[in-house]
Amino acid sequence: MFTGIITDIGTIEGIERRGDTQFTIASGYAAAGITLGASICCSGCCLTVTSVATTPGDGSRFTVDVSAESLSKTSLGGWVEGTRINLERALKAGDELGGHIVSGHVDGVAEIVEMQDEGDSRRFVFRAPVELARFIASKGSVCLDGTSLTVNEVDGVNFGVNLIPHTLSVTCWGNARVGDKVNLEIDMLARYVARLYESVNT
C-alpha cells in the first residue's frame, strides 16, 4: 500500500526487453534501505525490486520486471531511457497517511487535455476512460502517476485538478504536457461504494 505522496523522482537508465521488460531505475533512495522483493510505486504502478546497487552520492540503482500485460494497460510502454518517474516507497505501519490509500494497481490511462496556470498553481484537465469516469467525483480523491490528488470538478469523462507549486517542483508534474498519458487509479472507496450501489439496485 502507498499514500500517493511522492518521495523521490527516478530516472530510467536502462531497458532490457526479453520475456518480460526489465527497467533499471536510478533513484535518491539509499541502496541499503531497499531489499530485494520490496515494492516501490513507480508513477502509480506497484513494482517489485529484483536487484539493487549503490550509485555515487549514496543513491541507488534498482531493477524491476514488467509484464507485457502491464505494459499494455499502463503508460510504462512509453518509457524510454531518460524518462523521469514519480517514486514512493511502500507504506509502513505508523507512517503518516498524508494522501489516501493507494494500491499501485493501475485501473487505466488518462490523458492531459488542458493545462492552464492559475495564480501560482497549475490547473490540469484530464480525460478518463469511459468505463472509469463514473468512479470519479468532485472533491473525491484520485491517483495520477502515483500522486494523490483532489478532483475539483467533473464534466462527463473530463475532470480537473489543481497542483500547487510545491507539488510541481517535487514531482514530474512540472514537466507535464498536453497530450501526455498518465496512469490512473481510482479511489478504492469509490469502487466499493459503486459496487454496493449496484448490488442493492439489481
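- A pairwise comparison of heavy atoms in E185 and D107 identifies CA-OD2, 3.4 Å as the closest pair.
- Of the inter-residue distances, the one linking F124 atom CZ with E114 atom CD reads 11.0 Å to the nearest 0.5 angstrom.
- Annotation: the span from S27 atom OG to F62 atom CZ amounts to 5.0 Å, rounded to 0.5 Å.
- Under the 4.5 Å side-chain contact rule for hydrophobic residues, V154 and L163 share a cluster.
- Side-chain atoms of S138 come within 3.5 Å of backbone atoms of N152 as a donor-acceptor pair (strictly under, hydrogens ignored).
- Minimum heavy-atom separation, I112 to A176: CD1-CB, 3.8 Å.
- Each of V80, I25, L76 was scored for a side-chain contact (heavy atoms from CB on, under 4.5 Å) with I12, with one residue passing: I25.
- Y29 and S60 make their closest contact through O-OG, 2.8 Å (heavy atoms, listed as atom of the first residue, atom of the second, distance).
- For the atom pair OG1 (T74) and CG (L47), the distance works out to 8.5 Å, reported to the nearest 0.5 Å.
- For residues 77-92, every residue pair satisfying the side chain to side chain donor-acceptor pair (under 3.5 Å) rule, not counting sequence neighbours, is listed here: T3-E88.
- Put simply, the side chain of D180 gets close to the backbone of R177: a donor and an acceptor are under 3.5 Å apart.
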Note to self: Under the criterion side chain to side chain contact (heavy atoms under 4.5 Å, CB included), I'd like the reasoning laid out for M1 against V102: C-alpha separation, chi angles, the key distance, then a yes or no.
What the structure shows: CA-CA 6 Å; M1 290 294 186; V102 172; over 6 Å; no
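- If you take OG on S148 and CZ on F2, they are separated by 13.5 Å, rounding to the nearest 0.5 Å.
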Next item on the list: Check the pair S75 / D145 against side chain to side chain contact (heavy atoms under 4.5 Å, CB included), numbers first and verdict last.
Entry: CA-CA 9 Å; S75 67; D145 267 3; 4.3 Å; yes
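- In terms of modelled atom types and a separation under 3.5 Å, the side chain of Q22 and the main chain of D65 share no donor-acceptor contact.
- The shortest side-chain heavy-atom distance between E111 and V182 does not fall under the 4.5 Å cut-off.
- The two atoms that bring A137 and V151 nearest to each other are O-CB, 3.4 Å, heavy atoms only.
- Taking the side chain as every heavy atom from C-beta outward, E69 and D20 never approach each other to under 4.5 Å.
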Next item on the list: For side chain to side chain contact (heavy atoms under 4.5 Å, CB included), just list the numbers for C45 and N183, CA-CA rounded to whole Å, side-chain angles, deciding distance to a tenth of an Å, and then say yes or no.
Entry: CA-CA 8 Å; C45 301; N183 294 316; 3.7 Å; yes
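- One hydrophobic cluster holds both F135 and F159 under the rule that ILVMFWY side chains link at heavy-atom gaps under 4.5 Å.
- Between V130 and L132 the shortest side-chain heavy-atom distance does not fall below 4.5 Å.
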Next item on the list: Under the side chain to side chain contact (heavy atoms under 4.5 Å, CB included) rule, what do I40 and L87 come out as? Steps first, then yes or no, please.
Entry: CA-CA 7 Å; I40 296 181; L87 298 177; 4.2 Å; yes
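- When side chains are defined from C-beta on, F23 counts as touching V66, because their heavy atoms get closer than 4.5 Å.
- The shortest distance between side-chain heavy atoms of C172 and S43 does not fall below 4.5 Å.
- Note: I15 CD1 to T63 OG1 = 13.0 Å, rounded to the nearest 0.5 Å.
- G104 and C41 get closest at one heavy-atom pair: CA-SG, 4.5 Å.
- The line from CG of D117 to CZ of R122 is 5.0 Å long, rounded to the nearest 0.5 Å.
- Side-chain heavy atoms closer than 4.5 Å link hydrophobic residues (I, L, V, M, F, W, Y) into clusters, and following such links, even through other members, never connects V113 to V157.
- N162 places a side-chain heavy atom less than 4.5 Å from the side chain of E118.
- There is a side-chain donor-acceptor pair under 3.5 Å between T147 and W173.
- No single ILVMFWY cluster, assembled from side-chain heavy atoms under 4.5 Å apart, contains both V170 and L149.
- Between R127 and D155, none of the side-chain N atoms (NZ, or NE/NH1/NH2) sits under 4.0 Å from a carboxylate O, so this pair counts as no salt bridge.
- Between L36 and T50 the shortest side-chain heavy-atom distance does not fall below 4.5 Å.
- Contact record, P129 with L184: CD-CD2, 3.9 Å, taken as the closest heavy-atom pair.
- Residues V142 and M115 share a hydrophobic cluster, clusters being chains of Ile/Leu/Val/Met/Phe/Trp/Tyr side chains in contact below 4.5 Å.
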